[in-house]
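Indexing begins at 1, ligand by ligand and atom by atom, following the structure's order. Keep in mind the model is a prediction, meaning the values are calculated, not measured.
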Amino acid sequence: TAAADAPTGPALLLLDLDGFKDVNDTYGHPIGDDLLIDVAHRLRALTRPGHTLARLGGDEFALLLPATTPTAATTLARRILTTLATPYRLGPHDIHLTTSIGIWTPTPDTTPTPAEALRDADLALYAAKAAGRNQLTPFDTTLRTARLQHTRLAAGLRQALTRNELSLAYQPVVDLRTGTIRAVEALLRWTPTDSRPVPPDVFIPIAEDTGLITDIGHWALHQACTDAARWHTSHHLAVTVNISGRQLRDPAFADHVLAATTRHRLPPAALILEITESMLLATTPAETTRIIAVLTRLRDHGIRIALDDFGTGYSSLAYLRTLPVDILKIDRSFTTAPTAADHAQTRAFTKAILELSASLHLQTIVEGVETHDQAVLLQQLGSPLAQGYLFSPPATADQIDDLLHTTP
Ligand code: C2E
Ligand code: CA
Ligand code: CA
């Protein structure tokens with residue numbers, strides 16, 4: 001192949017262990033140190049004469065191959081991924097760990113400095129992490145453009161709160177039997193001054209990366225409680241607020257939430273926090289235990305917890321039974337039927353999930369209901385709560401005020 005015939009040149013592999021910090025936090029630094037030594041030995045066993053292996057700091061390693069091909073570099077990187085994923089036996093513990101790798105090889109007609117090569121390898125490593133970890137990503141120049149865009153948005157986002165550029169949209173959650181609005185979901189909106197709105201799917205991951213989500217999430221919680229207090233008094237509505245993993249791990253989170261309900265005089269029973277399964281699963285057992293304690297404390301005060309995007313994650317049924325959760329939000333990918341042939345399957349899936357939910361004494365909210373047919377089907381299956389464009393798109397607080405005044 002062309003790649004195999006490519007002339008030999010240098011390659012730089014940048015490695016970072018996934019979740020190493022959790023290992024330190026869970027098992028202590030001496031075990032963390034032993035693990036790093038073990039990793040270094042495994043890496044050394046894979047290197048050849050002429051290769052340079054270095055620990056750049058923390059859990060980051062670099063491997064410089066002076067003469068290789070992109071194909072050979074990728075093959076080696078893949079072997080490293082497998083080798084480092086084998087469990088580590090340290091004292092009484094069996095520790096499982098994956099690695100992310102960024103691969104830099106020279107692009108034709110350029111002679112980068114070592115610093116530039118290192119920076120580009122780092123971009124590739126960052127992309128491997130962002131793509132879900134446990135993988136390798138070769139550098140290419142589009143990563144530079146993406147990074148630049150990321151940096152610009154992060155800088156803009158830093159000003160968003162003080163410039164009053166954030167707002168909340170609210171999407172009604174309706175009772176399918178009666179058509180009444182029972183709750184609203186608060187959805188963040190960002191419209192930078194002098195520019196078009198940036199979609200939440202774009203700016204929320206950046207807010208999480210940069211840690212800005214702590215302040216932004218705090219703002220959203222207070223704004224949602226202010227608006228919801230009014231709607232709860234007049235129409236008994238609840239409000240559901242999306243919470244990111246980073247907020248949940250903030251030791252002050254539960255206090256913040258309880259303070260917000262008190263300050264805005266919103267009964268705790270009128271507040272629902274939406275979290276996703278991945279927030280609970282993608283962490284160490286110790287962290288899961290901490291998060292469950294936080295959620296349990298909030299529930300003891302009457303605040304409800306909803307599991308968002310249910311059906312898209314690793315949903316283990318055994319797991320569901322032990323989680324402090326009150327509501328399942330069924331992701332729209334489950335309830336949309338693109339073709340008639342899928343219709344029976346969609347129906348079967350939806351039915352199964354609704355039954356599961358009921359047997360666990362959980363409430364269900366079906367998301368993304370767009371058509372009358374879907375609503376009819378859900379009604380037949382006995383689903384009481386639904387959300388989607390069919391009923392209302394996300395609306396401004398003023399629009400919700402109007403909507404509530406025109407509906408009994
Ligand atoms: P999500 O929590 O799953 O929110 C539902 C998304 O589906 C919203 O997109 C909503 O506008 C959209 N949607 C509602 N009905 C329909 C429908 O009938 N059809 C279709 N195709 N889509 C529908 P949005 O507002 O763009 O939010 C995207 C994601 O951003 C949210 O997904 C949530 O994960 C995140 N997000 C939004 N606000 C916040 C927030 O305050 N905090 C955090 N941490 N994340 C937020
Ligand atoms: Ca949500
Ligand atoms: Ca959702």
Side-chain angles (χ1 to χ4, degrees), residues 153 157 160-161 165-174 176 181 183-191 196-228 238-250 253 256-257 260 271-279 304-313 315 325-338 353 363-375 377-378 385-397 399-400:
L153 288 173
L157 206 50
L161 271 176
E165 294 170 349
L166 295 173
S167 62
L168 288 180
Y170 293 98
Q171 186 175 39
V173 175
V174 305
L176 273 173
I181 303 175
V184 285
E185 175 174 6
L187 294 160
L188 261 173
R189 297 290 177 260
W190 177 32
T191 311
R196 280 177 301 147
V198 181
D201 291 335
V202 174
F203 77 78
I204 286 165
I206 297 174
E208 280 168 357
D209 265 12
T210 53
L212 291 167
I213 194 70
T214 310
D215 286 346
I216 291 176
H218 198 230
W219 174 85
L221 186 67
H222 276 273
Q223 187 60 47
C225 287
T226 310
D227 291 327
V239 66
T240 84
V241 180
N242 292 283
I243 302 299
S244 87
R246 190 117 176 195
Q247 288 175 272
L248 265 188
R249 288 196 294 275
D250 178 354
F253 177 71
H256 278 322
V257 173
L271 179 61
I272 300 164
L273 302 178
E274 291 194 15
I275 60 166
T276 60
E277 293 166 80
S278 56
M279 287 179 198
R304 283 174 290 165
I305 309 297
L307 209 50
D308 202 0
D309 303 340
F310 183 75
T312 58
S315 0
V325 165
D326 305 275
I327 300 168
L328 286 189
K329 293 197 75 171
I330 314 297
D331 190 69
R332 66 170 169 276
S333 61
F334 264 87
T335 42
T336 40
I353 291 180
Q363 264 201 315
T364 318
I365 300 176
V366 179
E367 297 188 294
V369 177
E370 294 181 353
T371 67
H372 186 67
D373 284 357
Q374 280 174 284
L377 171 65
L378 289 170
L385 296 176
Q387 185 181 346
Y389 294 162
L390 177 66
F391 313 105
S392 168
T396 63
Q399 288 169 327
I400 298 291

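- Put simply, Thr240 stays out of reach of the Ca ion (ligand 2), with no N, O or S atom under 3.0 Å from it.
- Between Leu157 and Glu165, every side-chain heavy-atom pair lies at or beyond the 4.5 Å cut-off.
- The CG atom of Leu271 sits 6.5 Å away from the CG atom of Leu221 when rounded to the nearest 0.5 Å.
- Of all protein N/O/S atoms, those under 3.0 Å from the Ca ion (ligand 3) are Asp308 OD1, Asp309 OD1, Glu367 OE1, Glu367 OE2, and waters are not counted.
- Taking 4.5 Å as the limit, every side-chain heavy atom of Val325 sits out of range of all side-chain heavy atoms of Phe310.
- For the pairing with Leu385, the side chain to side chain contact (heavy atoms under 4.5 Å, CB included) check across Ile365, Val174, Leu176, Ile327 returns one residue only, Ile365.
- With hydrogens and angles ignored, the 3.5 Å screen pairs no side-chain donor or acceptor of Asn242 with any backbone N or O of Glu274.
- Counting heavy atoms from C-beta outward, Asp309 and Glu277 have side chains that stay 4.5 Å or more apart.
- The line from CD1 of Ile400 to OH of Tyr170 is 9.0 Å long, rounded to the nearest 0.5 Å.
- Note that the CD1 atom of Ile216 and the CD1 atom of Ile204 stand 8.5 Å from one another [nearest 0.5 Å].
- Side-chain N/O atoms of Thr371 and Asp373 include no donor and acceptor closer than 3.5 Å.
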When you check ligand 1 against the protein, what N or O pairs turn up below 3.5 Å? List the atom names and distances, or just say none.
{"unit_1": "ligand 1", "atom_1": "2 (O)", "unit_2": "Glu185", "atom_2": "OE2", "d": "3.2"}
{"unit_1": "ligand 1", "atom_1": "2 (O)", "unit_2": "Asn242", "atom_2": "OD1", "d": "3.2"}
{"unit_1": "ligand 1", "atom_1": "2 (O)", "unit_2": "Asp308", "atom_2": "OD2", "d": "3.0"}
{"unit_1": "ligand 1", "atom_1": "3 (O)", "unit_2": "Asp309", "atom_2": "OD1", "d": "3.2"}
{"unit_1": "ligand 1", "atom_1": "7 (O)", "unit_2": "Arg332", "atom_2": "NH1", "d": "3.1"}
{"unit_1": "ligand 1", "atom_1": "15 (N)", "unit_2": "Gln171", "atom_2": "NE2", "d": "3.0"}
{"unit_1": "ligand 1", "atom_1": "18 (O)", "unit_2": "Tyr389", "atom_2": "N", "d": "2.8"}
{"unit_1": "ligand 1", "atom_1": "19 (N)", "unit_2": "Glu370", "atom_2": "OE2", "d": "2.4"}
{"unit_1": "ligand 1", "atom_1": "21 (N)", "unit_2": "Arg332", "atom_2": "NE", "d": "3.4"}
{"unit_1": "ligand 1", "atom_1": "21 (N)", "unit_2": "Glu370", "atom_2": "OE2", "d": "3.0"}
{"unit_1": "ligand 1", "atom_1": "22 (N)", "unit_2": "Arg332", "atom_2": "NH1", "d": "3.4"}
{"unit_1": "ligand 1", "atom_1": "22 (N)", "unit_2": "Tyr389", "atom_2": "OH", "d": "3.3"}
{"unit_1": "ligand 1", "atom_1": "25 (O)", "unit_2": "Arg189", "atom_2": "NH1", "d": "2.9"}
{"unit_1": "ligand 1", "atom_1": "25 (O)", "unit_2": "Arg189", "atom_2": "NH2", "d": "2.8"}
{"unit_1": "ligand 1", "atom_1": "38 (N)", "unit_2": "Leu188", "atom_2": "N", "d": "3.0"}
{"unit_1": "ligand 1", "atom_1": "42 (N)", "unit_2": "Asn242", "atom_2": "O", "d": "3.3"}

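- A side-chain donor-acceptor contact under 3.5 Å links Gln247 to the backbone of Ser244.
- Of all N/O/S atoms in Glu185, OE2 sits nearest the Ca ion (ligand 2).
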